[in-house]
2 protein chains.
Amino acid sequence: MDILKKYRASGGGACAVRNVLDRLGDKWSMLIILVLGKEGTMRFNQLHHGIGDISQKMLTVTLKILEADGLVTRKVYAEIPPKVEYSLTERGHSLLPHLEGLAEWAETHMQGIYTSREKYTAGV
Amino acid sequence: MDILKKYRASGGGACAVRNVLDRLGDKWSMLIILVLGKEGTMRFNQLHHGIGDISQKMLTVTLKILEADGLVTRKVYAEIPPKVEYSLTERGHSLLPHLEGLAEWAETHMQGIYTSREKYTAGV
DNA sequence: CCGGATCCGTGCGGATACTG
DNA sequence: CAGTATCCGCACGGATCCGG
């Protein structure tokens with residue numbers, strides 16, 4: 001019961017691990033990082049179109065958060081029409097393998113998970 | 001732009017990776033798996049007290065989901081008072097290292113992330 | 001002790017319209 | 001092209017009460 005302290009609130013503030021994990025837990029962060037990791041540098045609409053079913057708003061918001069956290073860089077070109085490029089920072093890249101590991105795990109086990117879910121709901 | 005297909009909706013259904021990742025992205029799943037991974041088998045109130053700031057409802061609900069996905073097992077003892085033990089399945093254990101990797105990453109980089117956030121908000 | 005059931009607030013995230 | 005601004009629904013999640 002000692003190791004748990006790492007995952008608990010520490011002195012009025014929230015737990016560090018949970019703060020970070022909660023951020024990644026929002027709907028799009030992981031996905032954007034994964035995509036940027038694969039494709040390297042991308043423009044706004046490339047991401048927008050590439051991901052497909054993300055709204056402009058959420059893409060903007062999420063990118064801002066990731067930028068604030070120092071996970072992606074935002075490069076603006078003073079042109080008409082505007083051009084903005086996003087790419088992963090070094091910190092972002094350091095996170096990438098973990099997310100890819102997770103994605104890989106998901107791919108590997110999703111079939112079993114689906115089967116489990118069906119069995120479970122059938123049991124109810 | 002080909003690799004992206006893995007992360008996109010595939011034929012009317014949702015993307016597999018995203019389905020699974022979204023599940024883990026809810027507020028407590030990762031944490032519960034991490035805790036169960038560290039402590040091994042735990043009773044309901046052990047988890048409840050161990051995590052601290054999770055409500056009974058969310059603990060119950062999340063455990064059910066994890067059970068449905070075949071990530072945790074639920075063992076009920078026919079006693080008075082009742083006793084229920086939770087532990088990770090093999091599938092749950094296979095996920096564990098990835099989450100621990102993530103947690104470790106979070107611990108390592110959180111300080112830098114906090115600094116980045118402050119700089120960012122200060123810039124605004 | 002372990003939950004199920006219910007009520008309810010908050011905020012995430014979508015849709016739309018508008019700007020530089 | 002790359003956002004910003006606004007409105008709003010909905011479901012996530014908390015609090016509370018009840019049941020086996």
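Every chain is numbered from 1 and lettered A, B, ... according to where its sequence line falls, protein lines coming before strand lines.
The two atoms that bring B:Asp53 and B:Trp28 nearest to each other are O-CH2, 3.3 Å, heavy atoms only. Taking all atoms of both residues into account, the shortest heavy-atom contact from A:Leu21 to B:Ala103 is CD2-CA, 4.3 Å.
The interatomic distance linking B:Ile54 (CD1) with D:dG14 (P) rounds to 7 Å, in whole Å. One can place CG of A:Leu63 at 8 Å from P of D:dG3, the figure rounded to the nearest angstrom. In this structure, B:Gln56 atom CD and D:dC17 atom C1' are separated by 11 Å, rounded to whole Å. When rounded to the nearest whole Å, the span between CG of A:Asp26 and P of D:dC12 equals 15 Å. Atom C1' of nucleotide D:dC10 and atom NZ of A:Lys27 are separated by 11 Å, given to the nearest angstrom.
Residues from residues 65-89 of chain B lying near DNA chain C, meaning a heavy-atom separation below 4.0 Å, are B:Arg74, B:Pro81, B:Pro82, B:Val84, B:Tyr86 in numerical order.
Partners of B:Arg91 under the side-chain hydrogen bond (donor to acceptor under 3.5 Å, both in side chains) rule, at least two apart in sequence or in another chain, are A:Ser116. Remark: B:Arg117 engages A:Asp69 in a salt bridge (Lys or Arg N to Asp or Glu O under 4.0 Å) (not counting sequence neighbours). For the side chain to side chain contact (heavy atoms under 4.5 Å, CB included) test, residues two or more places apart in sequence or in another chain that qualify with B:His93 are B:Leu88, B:Leu96. Remark: B:Ser94 pairs with A:Trp105, A:His109 by the side-chain hydrogen bond (donor to acceptor under 3.5 Å, both in side chains) rule, at least two apart or across chains. Checked against side-chain hydrogen bond (donor to acceptor under 3.5 Å, both in side chains), B:Glu85 has the following partners two or more places apart in sequence or in another chain: B:Tyr77. Partners of A:Thr73 by side-chain hydrogen bond (donor to acceptor under 3.5 Å, both in side chains), not counting sequence neighbours, listed by chain and number: A:Ser87.
Of the candidates D:dC1, D:dG14, D:dG3, D:dG3 carries the atom nearest the A:Thr60 side chain, counting heavy atoms from C-beta on.
With side-chain heavy atoms closer than 4.5 Å counting as contact, directly or through intermediates, the hydrophobic cluster containing A:Ile65 also holds A:Val61.
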Within the sub-3.5 Å range, which N or O atoms of nucleotides 5-8 of chain D have a protein N or O partner, and how far apart are they?
none

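An OP1 or OP2 oxygen of D:dA2 is reached within less than 4.0 angstrom by a side-chain nitrogen or oxygen of A:Arg43.
Checking side-chain atoms of A:Asp26 against main-chain N and O of A:Ser29 turns up a donor-acceptor pair under 3.5 Å. A donor-acceptor pair under 3.5 Å links the side-chain atoms of A:Thr115 to the main chain of A:Gln111, judged by distance alone.
Judged as a side-chain hydrogen bond (donor to acceptor under 3.5 Å, both in side chains), the pairs with a partner in residues 57-67 of chain B (not counting sequence neighbours) are, in order, A:Tyr120-B:Glu67.
When the local axes at the two ends of the helix from C:dC1-D:dG20 to C:dG20-D:dC1 are compared, using 5 base pairs at each end, they differ in direction by 40° after rounding to 10°.
Residue B:Glu90 qualifies as open at atom CD: its count of foreign heavy atoms under 6.0 Å is 12 or below.
Protein chain A touches strand DNA chain C; the 5'-most and 3'-most nucleotides with an atom under 4.0 angstrom of its non-hydrogen atoms are C:dG13 to C:dG20.
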